[in-house]
Each structure stands twice: as C-alpha cells, then as structure tokens.
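Inspection log for the structure reproduced underneath, given as structure tokens.
Only heavy atoms go into these numbers, but all of them, side chains included; no hydrogens, no water, no symmetry mates. Residue numbers begin at 1 in each chain, while the letters A, B, ... track the order of the sequences.
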Amino acid sequence: MAKWLVKTEPEVFSIADLKRERATSWGGVRNYQARNFLRAMKVGEEVLIYHSNTEPPAVVGVAAVKRAAYPDPEQFDRHSEYFDGKSTQENPRWFSPDLMFVKEFPTPVELARLKAERKLKAMPLLQRGSRLSVMPVTADEFKYILRLAGA
DNA sequence: GCCAACGTTGGC
DNA sequence: GCCAACGTTGGC
C-alpha cells in the first residue's frame with residue numbers, strides 16, 4: 001500500500017474542516033503530475049495532510065482514501081474557478097479521490113522540523129522550489145513523521 | 001517546437 | 001509583501 005502527502009491551505013480547507021465533514025472530494029488539483037498521483041491512490045491508503053501557506057506550515061494529521069479518483073465534476077462547471085474548457089465527459093482531464101478523516105496530530109510536525117531530519121531530506125515536499133501538491137511518501141518517511149508527531 | 005512572458009505557489 | 005522556482009501559454 002502506497003502512502004501519500006497532500007497540501008492544503010488551511011484558510012481554504014483545513015484538517016478541522018475534514019474532521020467536521022468526515023470525508024471530502026479532494027478536487028481542484030490542476031497539475032498533471034499531481035493528477036497522476038491522485039489517480040494512483042487506492043482505497044484504504046493513508047495520506048498525510050499538510051497545511052501550506054500558513055504559519056507555521058506543518059503536517060497536521062492523517063486521512064485515508066475512501067474512494068479512488070473519478071472525474072472532478074468542477075472541470076465541467078462553467079461557473080467554477082476550476083472549469084477547464086478542454087475537458088469533456090468522454091475525455092476528462094482532472095480527477096479527484098474522496099479522502100476521509102483519520103486523525104489530527106495533537107502536535108503538528110512543522111516544516112522546520114521536517115527539514116532538520118536527514119531521513120526526510122529526499123521528500124519532494126522539502127525540495128527547493130517544489131510546488132507539487134500531491135506526492136508519494138515512502139513507508140519509512142510516513143512512519144518517521146508519525147513518530148515525530150508522537151502518534 | 002522553441003522560448004519569453006506571465007501567473008501561481010508557498011516559504012520567509 | 002517579496003521573490004525564487006516552476007508550470008503554462010502563446011507568438012513565431
């Protein structure tokens with residue numbers, strides 16, 4: 001089973017929102033590399049939730065894949081900011097899985113902390129200039145981050 | 001198909 | 001608010 005990490009801006013959608021809603025469609029991703037990772041997610045796989053563009057940026061908890069990726073309906077909605085005129089029902093471009101809340105860390109693992117860990121230095125999240133919003137995490141990295149969270 | 005211009009991301 | 005990094009767009 002693969003492990004994953006997804007970024008979200010807490011001002012837009014936070015882990016507290018996910019906790020309250022129990023599950024959500026992880027939509028609006030409009031980057032091909034990230035899209036490919038979303039499509040590779042399988043039901044039951046675990047996903048680290050990362051808060052970006054906030055102070056401090058941090059891994060804040062865990063979700064799980066509830067439903068494998070399906071075409072993101074917003075790409076067909078002319079009034080959505082995620083509308084894509086080049087997508088068709090027959091040939092959708094963008095996909096979103098459903099993610100469900102698993103747990104929120106009592107203590108978030110801050111970006112500065114992740115950066116200080118040699119074992120995590122290969123994570124795309126920590127690469128200079130990486131803007132990838134969905135990425136795979138190795139089993140070791142996943143375990144290690146849970147340990148840093150005291151979870 | 002190249003590549004400059006532009007927009008976005010996201011840490012700081 | 002700044003700006004580096006990167007992806008996308010569009011003229012040619």
- [ ] Send over the distance from A:N31 CG to B:dG10 P, rounded to a whole Å.
- [x] 10 Å
Task: Spacing between A:L132 atom CG and C:dA4 atom P, to the nearest angstrom - done: 22 Å
Task: Spacing of A:E9 atom CD relative to B:dG10 atom P, expressed in whole Å - done: 7 Å
Task: Atom-pair distance (CZ on A:R30; C1' on C:dG7), nearest Å - done: 15 Å
Task: Nucleotide B:dT9, atom C1' - distance to CE of A:M135 in whole Å - done: 12 Å
Considering only distance and modelled atom types, tabulate donor-acceptor pairs under 3.5 Å from the side chains of residues 46-57 of chain A, sequence neighbours left out.
from	atom 1	to	atom 2	distance (Å)
A:E46	OE1	A:K3	NZ	2.7
A:H51	NE2	A:I15	N	3.1
A:N53	ND2	A:E9	OE2	3.4

Task: Salt bridge A:D72-A:R30, side-chain N to carboxylate O under 4.0 Å - done: yes
TODO: Please state how far atom OH in A:Y50 lies from atom P in B:dT9, giving the value in whole angstrom units.
DONE: 15 Å
Open item on the list: Let me confirm one number: the NZ-CG distance from A:K66 to A:L99, rounded to the nearest 0.5 Å.
Closed with: 10.5 Å
Open item on the list: Side chain of A:R131, heavy atoms from C-beta onward: which of B:dG11, C:dT8, C:dG7 has the nearest atom to it?
Closed with: C:dG7
- [ ] Report the distance from atom CE of A:M123 to atom P of B:dG10, rounded to the nearest whole Å.
- [x] 14 Å
TODO: Measure from CH2 on A:W94 to C1' on C:dT8 and round the result to the nearest Å.
DONE: 10 Å
- [ ] Choose from B:dG11, B:dG10, C:dA4 the nucleotide whose nearest atom is closest to any side-chain atom of A:R128.
- [x] C:dA4
Open item on the list: Does this structure show an ion pair linking A:E117 with A:K121, if we count only N-O contacts that are shorter than 4.0 Å?
Closed with: no
TODO: Tell me whether the OP1 or OP2 atom of B:dG10 has a side-chain N or O from A:K7 closer than 4.0 Å.
DONE: yes
